[in-house]
S.K.: 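First the structure, then my questions, so here it is.
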Amino acid sequence: MPDFLSLDRVRFGYGKRVILNDISMRFERGRVVALIGGSGSGKTTILRLIGGQLRPQQGAVVFDGHDVHRLDRDGLYALRRRMGMLYQFGALFTDLSSFENVAFPMREHTDLPESMIRDLVLLKLEAVGLRGAAHLRTSELSGGMARRVALARAIALDPPLIMYDEPFAGLDPVALATVAQLIRRLNDALGCASIVVSHDIKDAFAIADHVFLLAGGRIAAQGTPDEMKASEDPNVRQFLDGDIDGPIAFHFQAKPLAEDLGLGA
């Protein structure tokens with residue numbers, strides 16, 4: 001199956017601070033890919049590069065044959081309509097009901113009649129088990145329910161690419177497992193490409209077909225979940241085992257403390 005989305009030798013940073021250095025990745029439709037790594041390793045940056053919010057200093061991001069960062073504004077907006085996004089903590093419109101949240105992208109990006117939008121919204125909410133909560137406002141939803149409504153909104157336009165930024169953050173174990181299985185089932189039903197950014201190793205590995213571990217601005221390791229679990233690579237073992245000591249540094253790079261404090265040798 002040809003690559004649906006690719007990052008080719010992408011480099012990105014802020015000034016002298018390099019976030020991603022010569023990163024290449026491939027994504028296919030019908031597969032769930034997990035991006036794991038420590039905070040600040042560039043996982044969310046990759047999602048922003050794919051969506052065109054950030055521009056790489058070198059390399060290319062190609063989505064379904066289109067170089068994302070060579071498109072004009074109209075072309076980029078048209079491409080984004082083919083991307084679903086589940087933001088960390090859902091990011092629902094707080095003054096709208098579940099129904100209105102899911103209907104929003106349909107009204108914004110299509111000319112469908114209200115009768116059809118109504119039916120489609122109810123079908124999306126049914127897919128995440130919340131058709132009965134269509135009338136509830138965001139403040140009336142539990143954390144897990146809000147995340148599922150956000151998931152229904154992310155698939156509102158049946159996008160061929162869905163990106164999930166920490167979809168399991170702040171959820172209790174039952175809600176977490178429910179959202180994880182929804183991601184897997186929706187991916188298989190829609191035949192889309194799914195990218196999951198997560199620190200939750202257990203549930204991310206349970207649904208992923210492939211895993212990238214980011215560290216030090218590079219892909220430190222990659223493989224199937226089983227290959228990653230069996231790996232003896234120090235980067236993989238430190239992250240999966242939660243070890244303090246290892247190649248993944250806790251401290252952000254800085255001058256020696258004595259130098260910063262103005263102390264002599």
Side-chain angles (χ1 to χ4, degrees), residues 1 3-5 25-36 43 47 50 63-64 81-92 98-99 101-106 117-134 136 138 141-212 223-229:
M1 184 181 295
D3 298 328
F4 177 60
L5 168 67
M25 294 176 165
R26 302 288 181 268
F27 304 91
E28 300 173 4
R29 294 189 67 161
R31 289 165 61 85
V32 177
V33 175
L35 304 184
I36 64 173
K43 306 182 297 299
L47 301 188
I50 292 170
F63 174 63
D64 201 17
R81 286 195 286 272
R82 303 183 63 218
M83 302 176 182
M85 182 73 189
L86 180 66
Y87 298 95
Q88 191 172 158
F89 302 115
L92 295 176
S98 299
F99 182 98
N101 266 282
V102 179
F104 182 85
M106 298 181 190
I117 287 177
R118 176 187 178 278
D119 291 347
L120 288 172
V121 170
L122 293 178
L123 287 171
K124 300 305 180 185
L125 288 172
E126 177 71 15
V128 300
L130 289 177
R131 179 168 52 86
L136 295 181
T138 300
L141 301 172
S142 69
M145 291 170 70
R147 204 69 54 87
R148 284 191 278 159
V149 172
L151 181 49
R153 185 180 63 183
I155 64 171
L157 301 178
D158 293 326
L161 170 66
I162 306 178
M163 296 179 282
Y164 303 86
D165 191 6
E166 294 291 354
F168 313 132
L171 297 181
D172 65 72
V174 174
L176 191 156
T178 300
V179 170
Q181 288 309 308
L182 275 172
I183 291 172
R184 180 75 252 183
R185 291 206 304 267
L186 288 169
N187 179 88
D188 296 341
L190 297 173
C192 59
S194 297
I195 305 175
V196 180
V197 166
S198 181
H199 288 109
D200 191 288
I201 301 300
K202 175 178 173 290
D203 287 277
F205 276 32
I207 63 172
D209 298 298
H210 195 82
V211 180
F212 289 102
T224 67
D226 286 341
E227 289 170 342
M228 297 290 277
K229 290 175 187 175

S.K.: Can you confirm whether Ile162 sits close enough to Leu86 that some side-chain heavy atom of one is under 4.5 Å from a side-chain heavy atom of the other?
M.R.: no
S.K.: I need the minimum non-hydrogen distance between Leu92 and Arg153, along with the two atoms involved.
M.R.: CA-NH1, 3.7 Å
S.K.: How long is the straight-line distance from CG of Leu141 back to CG of Leu136, given to the nearest 0.5 Å?
M.R.: 5.5 Å
S.K.: Using a 3.5 Å distance criterion without hydrogens, assess whether the side chain of Asn187 forms a donor-acceptor pair with backbone atoms of Gly30.
M.R.: yes
S.K.: Of all the heavy-atom pairs spanning Lys43 and Ile36, show the shortest one and how long it is.
M.R.: CD-C, 3.5 Å
S.K.: Start with the C-alpha distance between Leu161 and Ile195, add both sets of side-chain angles, then the distance that settles side chain to side chain contact (heavy atoms under 4.5 Å, CB included), and finish with yes or no.
M.R.: CA-CA 8 Å; Leu161 170 66; Ile195 305 175; 4.0 Å; yes
S.K.: Write down the atom of Glu28, the atom of Ala193, and the distance for their closest heavy-atom approach.
M.R.: O-CB, 3.5 Å
S.K.: Quick check for you: to the nearest 0.5 Å, what is the distance between Leu186 atom CG and Ser194 atom OG?
M.R.: 8.0 Å
S.K.: Residues two or more places apart in sequence or in another chain: which of them pass salt bridge (Lys or Arg N to Asp or Glu O under 4.0 Å) with Arg81?
M.R.: none
S.K.: State, yes or no, whether a side-chain contact exists between His199 and Phe168 at a heavy-atom distance under 4.5 Å.
M.R.: no
S.K.: Using a 4.5 Å cut-off on heavy atoms from C-beta on, say whether the side chain of Met83 contacts that of Pro159.
M.R.: no
S.K.: For Glu126, check salt bridge (Lys or Arg N to Asp or Glu O under 4.0 Å) against everything at least two apart and list the hits.
M.R.: Arg131
S.K.: Look only at the side chain of Gln181 and the backbone of Thr178, and say whether a donor-acceptor pair between them is shorter than 3.5 Å.
M.R.: no
S.K.: Indicate yes or no: at least one non-hydrogen side-chain atom of Val211 is less than 4.5 angstrom from one of Thr224.
M.R.: no
S.K.: Kindly indicate whether the side chain of Val196, heavy atoms from C-beta on, has any atom under 4.5 Å from the side chain of Leu35.
M.R.: no
S.K.: Do Leu130 and Ser98 have side-chain heavy atoms sitting under 4.5 Å apart?
M.R.: no
S.K.: Run Leu157 and Arg82 through side chain to side chain contact (heavy atoms under 4.5 Å, CB included) and show every step you take.
M.R.: CA-CA 8 Å; Leu157 301 178; Arg82 303 183 63 218; over 6 Å; no
S.K.: For Arg118, which residues count as a salt bridge (Lys or Arg N to Asp or Glu O under 4.0 Å) partner, sequence neighbours excluded?
M.R.: none
S.K.: Taking C-beta and beyond as the side chain, do Asp64 and Phe4 meet within less than 4.5 Å on heavy atoms?
M.R.: yes
S.K.: Strictly by salt bridge (Lys or Arg N to Asp or Glu O under 4.0 Å), give each pair with a member in residues 185-195 just once, sequence neighbours left out.
M.R.: Arg184-Asp188
S.K.: For a quick test of reading the model, state the closest non-hydrogen atom pair linking Leu190 to Arg29 and the distance between them.
M.R.: O-NH2, 4.1 Å
S.K.: Do Arg26 side-chain atoms and Leu5 backbone N/O form a donor-acceptor pair below 3.5 Å?
M.R.: no
S.K.: Restricting to ring-ring contact (aromatic ring centres under 6.0 Å, His included), what partner residues turn up for Phe212, sequence neighbours left out?
M.R.: His210
S.K.: Should Asp209 and Val33 count as side-chain neighbours, where that means a heavy-atom distance under 4.5 Å?
M.R.: no
S.K.: What's the shortest heavy-atom distance between Leu182 and Val128, and which atoms?
M.R.: CD2-CA, 4.0 Å
S.K.: Step through it carefully: locate the ring centre of Tyr87, locate the ring centre of Tyr164, and say whether they are under 6.0 Å apart.
M.R.: no
S.K.: Does Lys124 have any salt bridge (Lys or Arg N to Asp or Glu O under 4.0 Å) partners at least two apart in sequence or in another chain, and if so, which?
M.R.: Asp158
S.K.: Considering non-hydrogen atoms only, spot the tightest contact between Ala134 and Leu125 and give its length.
M.R.: CB-CD1, 3.7 Å
